[in-house]
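Right, one structure below, let's go through it.
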Amino acid sequence: MPRKQSQFVRDLRRTIAIIIVVAFGLAAAGGIIVLLGDIESEATFQVIGTTAVTGICSVAAFCGATLIGRRVQWFGSVTILLAFVTLLLSVVLLWGDPFSWGDHAPGSTGMTLGDIFYQVLSSFALVTAVASISSLILLLTSRTWLVRIGLPITLGLLALGTCLVLVTIWVESAWGLEWLTRINGIVWILAALGVVIVPLTSLLLRAGTKPTGAVETVETPEKQTRPSNSHPLSASAQSSSAQPRSAQSSTQSPSPHQSPALSQSTLDRIDAAARAEGITADELIDRLLTAEPRNPSADEGSFRLGGGGRGPR
């Protein structure tokens with residue numbers, strides 16, 4: 001079942017990537033064709049605008065697609081949906097001229113349908129941009145204390161800044177509040193600082209480090225299996241007890257048709273490596289088994305044939 005699920009995730013990612021590339025490619029081809037004609041026409045502006053909006057929304061959808069197959073894949077799906085809705089509203093803005101909708105909206109104080117459409121489009125564009133940035137931040141693995149603390153703080157600042165901007169979009173009197181403008185600016189400065197510092201620090205601290213669980217599981221078997229040669233009696237006792245053990249293991253050796261089970265330390269190391277990648281252990285094993293085998297180069301082959309290695313002959 002996990003293998004089928006991982007295959008479905010890969011197919012879904014591939015499908016989303018193909019749709020993004022085809023949509024942006026068609027929009028780019030249309031923009032190039034229009035630029036070869038009359039540049040000052042209104043149709044040229046509309047096609048170029050559609051190309052630009054398609055490219056931006058494609059990048060946003062790709063950011064959401066990177067979370068597919070992970071624990072927070074629901075957030076990636078929401079980001080893709082937001083990018084699609086923003087693209088539709090932007091196309092309506094470019095080709096439908098909503099500012100000509102002069103009818104007053106029911107229940108509004110002097111606002112037209114065009115004004116409300118502009119507010120809806122601005123809100124979706126803002127939320128889509130913030131969701132795209134958050135999707136990339138959620139790709140970070142919480143290996144260090146700085147990421148564990150900085151990641152939720154950065155996401156919280158992005159959410160708070162989004163809410164403050166939405167208030168200024170929908171509440172007309174909010175533009176006159178000086179304290180709200182100052183708080184909005186401070187929150188977005190801190191959010192931008194977190195967006196830059198947290199991923200950069202995570203990349204710098206990742207080099208030369210290992211997951212804590214993996215280090216513990218590697219060191220524990222070594223301590224347990226390390227022979228104690230401090231006393232001669234212990235060495236002789238171990239040598240005498242090794243003979244019945246070897247005889248018992250030879251009688252209980254698995255048949256050629258049965259594969260030996262993995263030890264608990266190996267299972268712990270696999271779980272630790274999977275947690276470090278943000279995936280399950282089954283997905284990690286499936287990724288390693290389905291990876292393409294690496295063919296040794298000519299230098300490596302000649303080195304092995306020539307007996308340059310120090311392995312057993």
Side-chain angles (χ1 to χ4, degrees), residues 2 4-24 27 50 52-94 116-142 147-171 184 187-188 190-196 198-199 202 274-275 277-280 283 287:
K4 294 181 179 179
Q5 184 178 3
S6 61
Q7 182 65 30
F8 172 76
V9 170
R10 286 195 296 268
D11 294 340
L12 182 59
R13 287 179 179 175
R14 189 180 297 109
T15 303
I16 294 175
I18 292 175
I19 293 175
I20 291 174
V21 171
V22 171
F24 186 53
T50 303
V53 171
T54 303
I56 295 174
C57 293
S58 299
V59 173
F62 180 76
C63 293
T66 56
L67 295 179
I68 301 298
R70 298 179 178 268
R71 297 178 181 178
V72 288
Q73 62 180 355
W74 64 269
F75 191 83
S77 302
V78 172
T79 304
I80 295 174
L81 180 61
L82 289 173
F84 180 72
V85 175
T86 304
L87 177 61
L88 291 181
L89 294 176
S90 301
V91 172
V92 173
L93 175 65
L94 292 171
I116 295 179
F117 178 83
Y118 181 74
Q119 290 177 335
V120 172
L121 176 59
S122 302
S123 302
F124 269 96
L126 172 66
V127 175
T128 302
V130 175
S132 304
I133 298 174
S134 301
S135 298
L136 297 179
I137 296 178
L138 288 174
L139 291 175
L140 299 176
T141 55
S142 301
V147 177
R148 295 189 185 99
I149 298 176
L151 182 60
I153 293 177
T154 303
L155 295 176
L157 290 173
L158 289 173
L160 179 59
T162 303
C163 294
L164 293 177
V165 175
L166 290 176
V167 169
T168 58
I169 291 176
W170 289 95
V171 181
N184 199 354
V187 169
W188 279 108
L190 294 177
L193 193 64
V195 169
V196 175
V198 173
S202 176
R275 287 195 302 270
E277 294 293 334
I279 58 179
T280 63
E283 293 177 353
R287 179 187 299 177

Contacts of Arg71 that satisfy salt bridge (Lys or Arg N to Asp or Glu O under 4.0 Å) - sequence neighbours left out: none

Could you list the residues that satisfy side chain to side chain contact (heavy atoms under 4.5 Å, CB included) with [X], not counting sequence neighbours?
{"X": "Phe75", "value": "Leu67, Thr79, Ala131, Ser134, Ser135, Leu138"}
{"X": "Ala27", "value": "Thr51, Thr54"}
{"X": "Val196", "value": "none"}
{"X": "Val22", "value": "Ile18, Leu26"}

All side chain to side chain donor-acceptor pair (under 3.5 Å) counterparts of Thr128, not counting sequence neighbours: Thr86

Only pairs under 3.5 Å count here: list side-chain donor-acceptor contacts from residues 119-127, not counting sequence neighbours, and write none if there are none.
| unit_1 | atom_1 | unit_2 | atom_2 | d |
| --- | --- | --- | --- | --- |
| Gln119 | NE2 | Ile169 | O | 3.2 |
| Ser122 | OG | Tyr118 | O | 2.8 |
| Ser123 | OG | Gln119 | O | 2.8 |
| Ser123 | OG | Trp170 | NE1 | 2.8 |

Reported CG-to-CH2 distance for the pair Leu193 and Trp188, which is rounded to 0.5 angstrom: 14.0 Å

Gap between atom CG of Leu87 and atom OG of Ser58 - 0.5 Å precision: 7.0 Å

Pairwise side-chain contact, Leu136 with Leu139, heavy-atom cut-off 4.5 Å (strictly under): yes

Heavy-atom closest pair, residues [X] and [Y]:
{"X": "Cys63", "Y": "Ser132", "result": "CB-O, 3.7 Å"}
{"X": "Ala83", "Y": "Ala61", "result": "CB-N, 3.9 Å"}
{"X": "Ile16", "Y": "Ala65", "result": "CG2-CB, 3.9 Å"}

For residues 153-163, run the donor-acceptor check on the side chains, cut-off 3.5 Å, and write out each pair with its distance to 0.1 Å, sequence neighbours left out.
| unit_1 | atom_1 | unit_2 | atom_2 | d |
| --- | --- | --- | --- | --- |
| Thr154 | OG1 | Gly150 | O | 2.7 |
| Thr162 | OG1 | Leu158 | O | 2.7 |

